[in-house]
Amino acid sequence: MAYDGGMTASLQGSLLDLAEEPQVGPFGPMLSHAQLGRGAWVDVRPGWLTGAADLFGRLATDVPWRAERRPMYDRMVDVPRLLCFYGEEQPLPDPALEEARGALNAHYGAELGEPFATAGLCLYRDGRDSVAWHGDTIGRGRREDTMVAILSLGAPRALLLRPRGGGPGLRYELGHGDLLVMGGSCQRTWEHAVPKTARPVGPRISVQFRPRGVR
């Protein structure tokens, strides 16, 4: 399923992103680290990938996006976003994503103890698309500490985090080229979501890098 709706509006929103080709930057002092408690933490690196507008355009048109339906209560409902998943040993759809994964492995590999091996892509077409509160607890994330790295491309959207069982949450506005990494016990002890918004917003692509066996 090719997609191009709203792409021009999103790309025009990134006129300051002047790099011709996507390129990841250093982590360095621009990387902020937050300890969330109970062994969970979050890293945020704004503008980690330059040339993000060009990459967004390529992924929006070249990735074989698919719509899904899932059971909810007693009926099937449309998943409010388009999806594509690249498993272990599958080539990623753009060399820039291979470069990004390599940089993540170089920076976090020693702490993680294994490489990021898969990539899940989500296309949020407008403010009506969303993802509900959840943790990536299908597979090993249910019982083991792990990391999930999210690279954001396109129009800025809010990513919310809240502790399981209640308590103050966090809000991050992630836009073109921003990176957020959830680590430690975050998938088990916290939940995250991208809520719907009534504001007019352009499309966003989220790329989630995960280790083997974490969904």
Side-chain angles (χ1 to χ4, degrees), residues 1-3 7 10 21-25 27 31 42-45 47-68 70 79-109 111-125 129-131 134-142 144-155 157 159 172 174-183 186-187 192-194 203-215:
M1 175 187 296
Y3 173 82
M7 187 197 320
S10 176
E21 282 297 321
Q23 184 176 5
V24 298
F27 291 92
L31 180 71
V42 170
D43 281 354
V44 178
R45 169 57 162 93
W48 180 58
L49 184 136
T50 56
D54 186 61
L55 177 58
F56 176 92
R58 297 202 300 249
L59 296 178
T61 56
D62 295 345
V63 167
W65 300 105
R66 69 178 187 278
E68 287 189 356
R70 293 178 183 172
V79 173
R81 58 196 178 279
L82 301 182
L83 306 169
C84 191
F85 181 76
Y86 293 85
E88 295 180 66
E89 309 302 329
Q90 279 187 280
L92 298 182
D94 195 279
L97 296 187
E98 298 281 4
E99 180 188 358
R101 183 165 63 181
L104 289 168
N105 286 334
H107 186 79
Y108 290 103
E111 181 177 357
L112 180 58
E114 61 182 316
F116 291 96
T118 68
L121 277 67
C122 296
L123 173 57
Y124 299 84
R125 293 158 290 189
D129 280 355
S130 64
V131 62
H134 72 288
D136 291 0
T137 54
I138 298 174
R140 295 188 296 126
R142 180 180 296 275
E144 299 176 11
D145 285 1
T146 190
M147 293 186 197
V148 176
I150 300 175
L151 175 61
S152 187
L153 308 167
R157 291 288 297 271
L159 187 144
Y172 295 97
L174 301 179
H176 257 321
D178 293 343
L179 174 72
L180 181 143
V181 181
M182 296 175 284
C186 197
Q187 301 306 321
H192 55 280
V194 176
R204 169 184 180 253
I205 293 174
S206 169
V207 185
Q208 308 104 43
F209 298 100
R210 301 182 180 92
R212 174 187 59 82
V214 176
R215 290 291 296 271

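The closest side-chain heavy-atom distance from L179 to L104 is below 4.5 Å. Contact check for L82 versus C122: no side-chain heavy atoms found under the 4.5 Å cut-off. The shortest distance between side-chain heavy atoms of W48 and L180 does not fall below 4.5 Å. Residues F85 and T118 form a side-chain contact, since some pair of their non-hydrogen atoms from C-beta on lies under 4.5 Å apart. P22 places a side-chain heavy atom less than 4.5 Å from the side chain of D54. Contact check for L97 versus Y86: no side-chain heavy atoms found under the 4.5 Å cut-off. Contact of the M182 side chain with the I150 side chain is registered, since non-hydrogen atoms from C-beta on lie closer than 4.5 Å.
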Chi angles and distances behind the side-chain contact (heavy atoms from CB on, under 4.5 Å) call for Q187, T146: CA-CA 8 Å; Q187 301 306 321; T146 190; 4.1 Å; yes

Check against salt bridge (charged side-chain N to carboxylate O under 4.0 Å, His left out), R125 and D129: CA-CA 6 Å; R125 293 158 290 189; D129 280 355; 2.7 Å; yes

Residues Y124, V131; criterion side-chain contact (heavy atoms from CB on, under 4.5 Å); working and verdict: CA-CA 9 Å; Y124 299 84; V131 62; 3.4 Å; yes

Step-by-step side-chain contact (heavy atoms from CB on, under 4.5 Å) determination, V42 to Y172: CA-CA 11 Å; V42 170; Y172 295 97; 3.9 Å; yes

Salt bridge (charged side-chain N to carboxylate O under 4.0 Å, His left out) between E99 and R101, intermediate numbers included: CA-CA 5 Å; E99 180 188 358; R101 183 165 63 181; over 6 Å; no

Trace of the side-chain contact (heavy atoms from CB on, under 4.5 Å) decision for D94 with L59: CA-CA 8 Å; D94 195 279; L59 296 178; 4.1 Å; yes

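Of the possible polar contacts, one joining the Q208 side chain to the S206 backbone as a donor-acceptor pair under 3.5 Å is found. Judged by distance alone, the side chain of H107 and the main-chain N or O of F27 form no donor-acceptor pair under 3.5 Å.
Every residue meeting the side chain to side chain contact (heavy atoms under 4.5 Å, CB included) condition with D43, not counting sequence neighbours, appears here in chain and number order: L31, H33, W41, Y108, V181. For D178, there are no salt bridge (charged side-chain N to carboxylate O under 4.0 Å, His left out) partners at least two apart in sequence or on another chain. By the side chain to side chain contact (heavy atoms under 4.5 Å, CB included) test, E144 is found to be paired with R140, residues two or more places apart in sequence or in another chain being considered. Shown here are the side chain to side chain donor-acceptor pair (under 3.5 Å) partners of S152, two or more places apart in sequence or in another chain: R204. Under the rule for a side chain to side chain donor-acceptor pair (under 3.5 Å), Q90 has no partner lying at least two apart in sequence or in another chain. A search for salt bridge (charged side-chain N to carboxylate O under 4.0 Å, His left out) contacts involving D136 returns R210, not counting sequence neighbours.
S130 and V194 make their closest contact through CB-O, 3.1 Å (heavy atoms, listed as atom of the first residue, atom of the second, distance). When all heavy atoms of M147 and P211 are compared, the pair lying nearest together is O-CD, 3.1 Å. Scanning all heavy atoms of the two residues, the minimum distance from A52 to L153 falls at CB-CD2, 3.8 Å. Nearest heavy-atom pair, A96 versus R58, reported as atom, atom and distance to 0.1 Å: CB-NH2, 4.4 Å. Summarising the geometry of I205 relative to A60, their closest heavy-atom pair is CD1-N, 3.9 Å, with the distance given to 0.1 Å.
Note that the CD atom of E114 and the CZ atom of R212 stand 6.0 Å from one another [nearest 0.5 Å]. Annotation: the span from F56 atom CZ to L49 atom CG amounts to 13.5 Å, rounded to 0.5 Å. Rounding to the nearest 0.5 Å places CG of L83 at 4.5 Å from CD of E68. One distance of note links CZ of R142 with OG1 of T137; it measures 4.5 Å at 0.5 Å rounding.
Residue-environment remark: CD (E89) stays at or below the threshold of 12 foreign heavy atoms within 6.0 Å.
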